[in-house]
Amino acid sequence: MSDYDDYEEEEFEGSVSRQTFWRIISLAKPQWKWMVGFLLTISMVSLLDSVFTFISKQIIDEAILVNDVARLYELVLIYGSLIVVQSLMVFGFIFMAGRIGEFVQYDLRQKMFTKLQSLTLSYYDKTPVGWLMSRVTSDSQRIGELVSWGVLDTVWGITNIGSALIFMFFINWRLSLWVMLIVPVLIIVAAQFKRYILKEYRAVRRLNSKITGAYNENIDGVRVTKALVREERNLVEFQDLTTDMYRAGFRAAWLSALFLPMVQLISAVAIGGVVWYTGSRTTIGGMTIGSVQAFVSYITFMLWPIQEMARVYAEMQRAVASAERVFSLLDSEPEIVDATDAVELDTVQGEIRFENVQFWYEPTKPVIHDLELTIAPGETIALVGPTGGGKSTIVNLLARFYEPKAGRITINGQDYMGLTQQTLQSKLGIVLQTPHLFSGSIRDNIRYGRLNATDEDVVAAAKLTGAHTFIENLDQGYDEQVGEGGVLLSVGQKQLLSLARAVLAKPDIFIMDEATSSVDTVTEALIQSAMDTVLEQATSFVIAHRLSTIKSADRIMVVEDGRVTEIGSHEELLQQKGHYYRLYARQFKQESNALAQAVAV
């Protein structure tokens with residue numbers, strides 16, 4: 001979990017900008033018709049609350065006190081009819097709030113998934129999965145709730161305050177002016193609490209991302225955890241994270257709880273003053289009993305939304321903290337983008353050249369130094385050397401997962417940065433050391449290499465790579481489910497399917513990155529046989545530690561510290577008696593000893 005502790009997430013400080021707030025509200029723009037209906041219905045429901053209070057005043061003053069039964073029936077009929085209308089509107093705004101909230105979540109997740117598809121590998125290199133999962137799931141949910149229920153509470157509160165003031169002025173405008181003096185006090189109190197509550201909820205969202213990351217890391221690495229008996233240590237580290245989040249959440253809850261009684265205290269002073277004042281006025285005929293009752297009710301209508309904002313405001317601050325993180329993801333720009341005049345080609349077959357290529361992840365730590373290399377069409381290049389020497393970086397540069405910091409890479413004499421990424425990467429076939437399969441059937445996973453491939457094409461690719469034999473022995477054959485990440489298959493079986501998937505794509509450039517390092521010798525022989533067939537059809541790059549798999553390569557490159565120190569065929573490098581010779585001799589000796597021990601047993 002230390003990787004998540006070391007990750008420095010961007011910090012959000014200060015108050016929420018107006019741009020951020022309006023950007024949150026604009027998320028509902030595609031549903032503007034529903035939003036207009038939603039705002040109208042919630043406004044009418046709130047307005048009717050004030051109308052009911054005024055009708056109650058009339059019932060007291062114009063019917064009960066004067067014993068007018070006909071007027072009483074009339075007012076009760078009006079009251080009952082409006083209750084029916086309000087009930088229908090309540091159904092309407094609840095339905096529309098749910099629809100808008102769900103749409104916002106749906107739209108946000110779509111946008112974030114699209115953005116994640118466009119970002120380059122460098123973004124994923126420095127951003128843990130937990131951060132991304134937190135933003136796509138819980139953060140988007142909070143934003144959806146803010147746009148729907150948060151807006152509902154806000155509009156309801158504003159309408160309540162506005163309509164209450166209108167009726168209060170109608171009843172007694174002088175007294176209403178005195179009541180309005182408490183509004184600035186409440187605004188000042190709310191502004192002070194806002195700053196501190198938002199700060200704590202920003203901390204909560206940041207820590208929530210770390211906790212999500214820790215969950216993801218420990219679930220993925222559960223086998224390593226069990227094997228190394230790391231449960232207790234992992235629990236201690238996880239408790240540290242959850243304790244920090246608990247404390248930040250507790251501070252936010254404490255501030256929210258303190259906000260409510262502060263508002264209630266101010267409200268109580270206001271209501272008490274009105275009751276005292278109006279009580280003295282009724283003795284001299286200043287206000288009727290119904291007017292006093294209605295006036296106090298309107299003060300409650302006006303102050304209750306402000307009291308409710310203790311709860312609503314805390315939720316809004318939490319949602320705003322989530323929105324800041326979601327928007328930071330949506331605003332992320334990929335480091336690799338197509339030029340405006342980039343062209344698309346049907347093929348990238350041809351001569352490939354690395355011309356004085358230099359690359360680094362950090363400016364002070366160069367990874368590739370002045371790489372000069374020319375590869376003929378259809379040639380097979382093997383890369384060997386110590387771990388961290390730059391082998392994988394070279395093929396990642398070729399695949400344009402990264403771009404050279406200096407120098408250039410050309411295909412048929414054309415700088416590959418003048419081609420679209422789609423042109424190059426759609427013509428690549430890549431088999432990695434750790435194969436990744438997607439949940440679904442074997443057939444679907446092979447077809448992932450070419451989505452329009454027929455079932456016959458899928459079977460042909462499996463036969464070509466030697467995967468067909470084990471597939472046939474499965475209960476459901478090509479319809480067998482592989483499980484999440486291919487967990488239901490062995491490493492060797494996953495590697496064969498990964499190879500079949502790459503073959504099905506009919507690549508112009510084929511890359512094998514340590515494809516046989518994690519399989520047994522029998523599966524290695526199957527993969528090697530499939531590779532020999534595939535390598536004849538494309539320009540190929542093979543990274544390998546097992547030198548027996550690359551002896552037939554056209555050229556072998558020894559890459560050390562970002563430089564090509566030796567290059568030539570297997571026989572030529574053995575004659576040079578350099579690094580490759582020593583590496584081959586050591587592996588040959590180890591294999592001979594292992595064989596002798598096996599024979600002795």
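Throughout, numbering of the chain's residues begins at 1 and tracks the sequence.
More than 12 heavy atoms of other residues, nucleotides or ligands sit less than 6.0 Å from atom CZ of F401. Environment of CD in Q414: crowded, with over 12 heavy atoms of neighbouring residues, nucleotides or ligands closer than 6.0 Å. Around CG of D479, the count of heavy atoms belonging to other residues, nucleotides or ligands within 6.0 Å exceeds 12. Y361 OH: more than 12 foreign heavy atoms inside a 6.0 Å radius. Within a 6.0 Å sphere centred on NZ of K506, other residues, nucleotides and ligands contribute 12 heavy atoms or fewer.
Between N445 and I442 there is no side-chain heavy-atom pair separated by less than 4.5 Å. Contact of the D513 side chain with the I430 side chain is not registered, since no non-hydrogen atoms from C-beta on lie closer than 4.5 Å. Annotation: side chain of R450 is in contact with side chain of D457 (closest heavy-atom distance under 4.5 Å). Between I556 and L383, the closest side-chain pair of non-hydrogen atoms is not below 4.5 Å. Contact check for D370 versus V357: no side-chain heavy atoms found under the 4.5 Å cut-off. A heavy-atom distance below 4.5 Å is not found between the side chains of P507 and K427. The side-chain heavy atoms of E379 and I352, taken from C-beta on, include no pair separated by under 4.5 Å. Taking 4.5 Å as the limit, every side-chain heavy atom of P334 sits out of range of all side-chain heavy atoms of Y123.
Without hydrogens or angle criteria, D508 side chain to V348 main chain gives a donor-acceptor distance under 3.5 Å. Q576 contributes no side-chain N or O that, together with a main-chain N or O of L573, makes up a donor-acceptor pair within less than 3.5 Å. Remark: side-chain polar atoms of K391 are paired, donor with acceptor, to backbone N or O of G385 under 3.5 angstrom. With hydrogens and angles disregarded, no donor-acceptor distance shorter than 3.5 Å links the side chain of S498 to the backbone of K494. When atom types are taken as modelled, the side chain of Q425 and the backbone of A399 share a donor-acceptor pair closer than 3.5 angstrom. Without hydrogens or angle criteria, E572 side chain to S569 main chain gives a donor-acceptor distance under 3.5 Å. A donor-acceptor contact shorter than 3.5 Å links the side chain of N396 to the backbone of S392. Side chain of E566 to backbone of H579: a donor-acceptor contact under 3.5 angstrom is found. A donor-acceptor distance shorter than 3.5 angstrom exists from the side chain of S140 to the backbone of V136, with no hydrogens or angles considered. A donor-acceptor pair is defined here as one N or O able to donate and one able to accept, closer than 3.5 Å; no such pair exists between the side chain of S26 and the backbone of K29.
Between D455 and R447 there is a salt bridge, since at least one side-chain N of the basic residue sits less than 4.0 Å from a carboxylate O of the acidic one. Taking a cutoff of 4.0 Å between a charged side-chain nitrogen and a carboxylate oxygen, D338 and R400 qualify as a salt bridge. Ion pairing between a basic and an acidic side chain is recognised when a charged N comes within 4.0 Å of a carboxylate O; R23 and D331 show such pairing.
With values rounded to the nearest 0.5 angstrom, R109 atom CZ is found 10.0 Å from I143 atom CD1. Taking CG of L27 as the reference point, atom CG of L108 lies at 5.0 Å (rounded to 0.5 Å). Summarising the geometry, atom OG1 belonging to T565 is positioned 4.0 Å from atom CD belonging to E560; distances are rounded to the nearest 0.5 Å. Atom-to-atom distance recorded for E344:CD and S426:OG is 8.0 Å, nearest 0.5 angstrom. Considering CD1 of I550 and OG of S540, their distance stands at 13.0 Å, rounded to 0.5 Å. To the nearest 0.5 angstrom, S118 atom OG is 11.5 Å from I336 atom CD1.
When all heavy atoms of P386 and V559 are compared, the closest pair comes out as CD-O, 3.5 Å. For the pair E372 and N356, the tightest heavy-atom approach, listed with the atom from each and the gap, is OE2-N, 2.9 Å. G350 and P377 get closest at one heavy-atom pair: C-CG, 3.5 Å. The two residues G466 and L496 come nearest to each other via the heavy atoms O-CD1, 4.2 Å. Residues P30 and F103 approach most closely at CB-CZ, 3.5 Å, considering heavy atoms. Scanning both residues, I375 and R555, for their nearest heavy atoms gives CA-NH2, 3.9 Å.
Partners of E102 under the side chain to side chain contact (heavy atoms under 4.5 Å, CB included) rule, at least two apart in sequence or in another chain, are Q105.
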#### Entry: Worked verdict on H570 versus Y580 for ring-ring contact (aromatic ring centres under 6.0 Å, His included)
CA-CA 9 Å; H570 173 70; Y580 181 81; 5.7 Å; yes

### Test log, rule side chain to side chain contact (heavy atoms under 4.5 Å, CB included), inputs D475 and E480
CA-CA 7 Å; D475 292 339; E480 187 83 14; 4.1 Å; yes

#### Entry: Derivation and outcome, side chain to side chain contact (heavy atoms under 4.5 Å, CB included), residues L489 and L497
CA-CA 10 Å; L489 301 178; L497 293 183; 3.5 Å; yes

### Message
Set out, in order, the CA-CA distance, both residues' side-chain angles and the distance that settles side chain to side chain contact (heavy atoms under 4.5 Å, CB included) for L116 and L329, then state yes or no.
### Response
CA-CA 8 Å; L116 290 171; L329 168 59; 3.9 Å; yes

### Task
Under the side chain to side chain contact (heavy atoms under 4.5 Å, CB included) rule, what do I24 and L146 come out as? Steps first, then yes or no, please.
CA-CA 8 Å; I24 295 172; L146 172 62; 3.7 Å; yes

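Side-chain N/O atoms of R353 and T410 include no donor and acceptor closer than 3.5 Å. Side-chain contact, T120 with E335: no donor N or O sits under 3.5 Å from an acceptor N or O.
Ring-centre distance between Y402 and F359: below the 6.0 Å cut-off.
Below 30°, between 30° and 60°, or above 60°: for F438 and Y448 the angle between ring planes is below 30°, a parallel geometry.
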